[in-house]
Amino acid sequence: MLEEMDSDCEIPALTEINRNVDLAAVAAGQQQQQSSIMTLLPATGVPMGVVTSGSNADVVLVTGATGGVGKRVVQRLLQKGRVVRALVRDVNKAKQLLGNLPVVPGAVLQLIAADITQKQTLLPEMFDGVREVISCSAVKVQPKEGDTPDRQKYYQGIKFYDPEIIENTPEAVEYRGIQNLLDVVKERIGFEDGKVILSPTDADSADRWGALDDVVMGGVSESSMVFDRTGGEGGAAVLVFRGIVRTENSGGFVSVRCKNFQPVLDLSAYEGIQLRVKGNGLRYKMIIRSDTNWDGIGYCRSFDTTDGEWQDIFLPFSEFIPTFRARTLRDGTTLNPASVASVQLMLSKFEYDGELNPKFKTGFMELPIASIKGYLKKPVAPKFIHVSSAGVTRPNRPGINVDQEPPAVKLNDALGGLLTYKLAGEDAIRQSGVPYAVVRPCALTEEPAGAPLEIAQGDNIKGKISREDVADLCVSLLNQPSAVGLTFEIKSTIPFSQPWQGADSAAAGSRDWGSELSAAGLKRGVTGKTVNGVYTGKEPESEALKKQTATV
């Protein structure tokens, strides 16, 4: 039994140049976007109205898409009408395995030829429009005695064969490959806590802002952005938009605008702009410019503040209106969040098109600002789903009897630190800031879906599970906000010695993953790792560290 070692990223030898990525050509940038993304399904091409690139795209990237779990993930996503981009090393193999999958209206399957272990093959244009990732790549394992062309010995998952790693090393695939993948997708899928645009990091942070007051049209108001080292919540540092507003000489507004971002910010992964401010009861405007022109179109959204209270202000990009010198443009122009050149804050006597601001007053004003950032659509669900393996924390765990553990644990060192590097890859995901979920299946089998399951944490369970169930779970996790930040193990409760013949088709296709995950009582931050010689078990790793520190 080759337990917990599903090879969903089969990497043929580079000498097979007719079937693989030409790494030299890719590295030299000789492939253009039109050829680097190939539409496989539907055969007629991308249907009218389906968006596969740009800020409005909603593409799911699947790595290891020709492997045992990956191909099933692709199939289920297509059944749900998603735009799927499969990252594969062998395009011909992908065509054979995936080219005849059924697609529902709106579903699209695209192929990109790349290798996560070769960073130079991961061209930026390949990931245009990617908003979610299901990572099924794994190092390739096979019996030392060899396998059939379709890898029947490996995939059956029950009978044990003495295993060996072939082609790339566990470090290259399970760790470095995951790091490479995160590097190219994290900005595209977004960070759970948002993308910080401007924050009060030090006194120089106020220098990024300049005043743009009514003096440009003869008024006498004045303002600035200043740094206050202790003026925030709990004595934290803040930026303060501060000024004096006067209406003499037909004036009546103060504003501060940041220097142009170089390069412009791509916030297409985010729902809008979030500000953390201490209000003063006035109505302000947030203005975004999508080009570097000084006096161009500004996209505006007004917001009210509550006097004396710290509050989070959420401004969806879809609600910003195009204006030019406070006059609304009605030509259909819309804000492109993929091109944010600058942001501006304003307090003005006027709203738009000559209407008065109902929450305006003259005199001294100040608006403390803790942060300005892009925020993800709420509630945030996992956007990076990773298929790892049960057993990753067991090598060298204090008190563990390796003779009672699955082969992957006993053979970890002989297999090049397979589980050690899987755990390192998990840690890279957990530390990346993206909203993630890590799935640790036990031994993967070709049995049907629908078996009764056990979901646990702490990395202790042993057993088997169907690749069908794992694929179904991964797709479901994209819509499970409660799963963000979870790492968990999963297995069937059917013993190895008892083949699972499958439930009836209705039961197999109607699993309520949300209920099963909820019933398992999973906790965010639990890894089951050993930290400073102490096994953390089912306790969140951060809490275990705090306890260790407190006892020192």
Side-chain angles (χ1 to χ4, degrees), residues 55 187 190-191 193-202 204-214 216 223-228 232 237-243 253-279 282-305 311-326 328-329 333-348 351-352 357 365-376:
S55 61
E187 293 285 353
F191 298 103
D193 292 334
K195 168 72 172 181
V196 175
I197 299 173
L198 294 164
S199 64
T201 53
D202 52 44
D204 292 338
S205 55
D207 294 338
R208 286 194 55 85
W209 297 82
L212 187 58
D213 302 321
D214 58 19
V216 298
S223 69
S224 63
M225 185 74 85
V226 297
F227 176 77
D228 187 334
V238 289
L239 292 173
V240 182
F241 173 26
R242 179 180 294 160
F253 73 86
V254 290
S255 77
V256 286
R257 177 173 168 179
C258 75
K259 295 178 181 178
N260 288 332
F261 299 114
Q262 295 180 341
V264 297
L265 298 181
D266 181 355
L267 299 180
S268 55
Y270 299 91
E271 183 79 358
I273 298 291
Q274 177 183 352
L275 299 93
R276 180 70 177 170
V277 302
K278 184 177 182 180
L282 304 180
R283 175 176 294 183
Y284 293 84
K285 293 178 184 178
M286 164 64 74
I287 305 172
I288 296 175
R289 285 179 169 80
S290 59
D291 57 46
T292 58
N293 295 331
W294 178 251
D295 191 23
I297 296 174
Y299 298 87
C300 299
R301 170 65 156 78
S302 297
F303 62 92
D304 295 333
T305 64
Q311 60 188 126
D312 289 308
I313 306 291
F314 295 92
L315 308 175
F317 289 129
S318 61
E319 296 179 5
F320 279 75
I321 60 174
T323 66
F324 182 69
R325 299 180 182 176
T328 303
L329 301 180
T333 301
T334 58
L335 171 63
N336 177 13
S339 179
V340 175
S342 66
V343 295
Q344 180 178 350
L345 288 167
M346 176 179 285
L347 174 63
S348 175
E351 279 280 270
Y352 311 101
N357 180 353
M365 54 74 61
E366 67 174 16
L367 184 71
I369 305 164
S371 65
I372 302 175
K373 59 185 179 181
Y375 70 92
L376 292 174

- Measure the shortest side-chain to side-chain distance between Ile313 and Val277 over non-hydrogen atoms and say whether it is less than 4.5 angstrom. yes
- Please report the shortest heavy-atom distance between Ser290 and Ala341, naming the atom on each side. C-CB, 3.9 Å
- Message: Tell me which one of Thr333, Thr323, Val340, Asn336 satisfies side chain to side chain contact (heavy atoms under 4.5 Å, CB included) with Tyr299.
- Response: Thr333
- Query: Checking Lys285 against Phe253: charged group under 6.0 Å from the ring centre and within 45 degrees of the axis?
  - Reply: no
- Item | Side chain Asp304, main chain Leu282, donor-acceptor under 3.5 Å | no
- Pro200 and Phe227: which non-hydrogen atoms are nearest, and at how many Å? O-CE1, 3.7 Å
- Item | Separation of Phe317 CZ from Tyr375 OH (nearest 0.5 Å) | 8.0 Å
- Working to the nearest 0.5 Å, report the span between OG of Ser318 and CD of Glu271. 6.5 Å
- So Tyr284 and Phe303, would you call those rings parallel, tilted or perpendicular, with 30° and 60° as cut-offs? parallel
- Message: Could you tell me if the side chain of Val240 sits less than 4.5 Å from the side chain of Met225, heavy atoms only?
- Response: no
- Looking at CG of Asp295 and CZ of Phe324, how far apart are the two atoms once the value is rounded to the nearest 0.5 Å? 4.5 Å
- Query: Just checking, is any N or O donor in the side chain of Glu351 or Ser302 under 3.5 Å from an acceptor N or O on the other one?
  - Reply: yes
- Query: Are a donor atom and an acceptor atom from the side chains of Asp213 and Ser223 found within less than 3.5 Å of each other?
  - Reply: yes
- Query: Any sub-3.5 Å donor-acceptor pair from Ser55's side-chain atoms to Pro337's backbone N or O?
  - Reply: no
- Query: What is the distance from atom CG of Asp291 to atom CD1 of Ile297, rounded to the nearest 0.5 Å?
  - Reply: 7.5 Å
- Task: Could you tell me whether a side-chain N or O of Lys373 sits under 3.5 Å from a main-chain N or O of Asp193, the two making a donor and an acceptor?
- Result: yes
- Query: Would a 4.5 Å heavy-atom cut-off, applied to side chains only, mark Leu239 and Ile372 as touching?
  - Reply: no
- Distance-minimising heavy-atom pair for Ser342 and Arg257: OG-NE, 3.5 Å
- side-chain contact (heavy atoms from CB on, under 4.5 Å) between Ser255 and Leu347, worked out: CA-CA 6 Å; Ser255 77; Leu347 174 63; over 6 Å; no
- Min side-chain heavy-atom separation Arg289-Gln344 under 4.5 Å: yes
- Message: Rounded to the nearest 0.5 Å, what separates atom CG in Asn357 from atom OG in Ser348?
- Response: 7.0 Å
- Task: Taking the side chain as every heavy atom from C-beta outward, state whether Asp312 and Leu275 have any pair of such atoms under 4.5 Å apart.
- Result: no
- If only atom types and distance count, is the side chain of Tyr270 paired as donor or acceptor with the main-chain N or O of Phe191 below 3.5 Å? yes
- Task: Under the side-chain contact (heavy atoms from CB on, under 4.5 Å) rule, what do Ile288 and Leu335 come out as? Steps first, then yes or no, please.
- Result: CA-CA 8 Å; Ile288 296 175; Leu335 171 63; 3.9 Å; yes
- Message: Quick check: closest heavy atoms across Arg208 and Asn260, and the distance to 0.1 Å?
- Response: NH2-O, 4.3 Å
- Message: How close do Lys278 and Leu367 get, counting heavy atoms only, and between which atoms?
- Response: O-CD1, 3.5 Å
- Message: With rounding to the nearest 0.5 angstrom, report the CD1 to CG distance, Ile287 to Leu212.
- Response: 8.5 Å
- Assess whether side-chain contact (heavy atoms from CB on, under 4.5 Å) is satisfied between Met286 and Ile273, documenting all intermediate values. CA-CA 9 Å; Met286 164 64 74; Ile273 298 291; 4.2 Å; yes
- Note on the structure: For Phe241 and Ile369 the tightest heavy-atom approach is CB-CD1, 4.2 Å
- Query: Is any NZ, NE, NH1 or NH2 atom of the basic residue among Lys195 and Glu187 found under 4.0 Å from an Asp or Glu carboxylate oxygen of the other?
  - Reply: yes
- Message: Set out, in order, the CA-CA distance, both residues' side-chain angles and the distance that settles side-chain contact (heavy atoms from CB on, under 4.5 Å) for Thr305 and Gln311, then state yes or no.
- Response: CA-CA 8 Å; Thr305 64; Gln311 60 188 126; 3.5 Å; yes
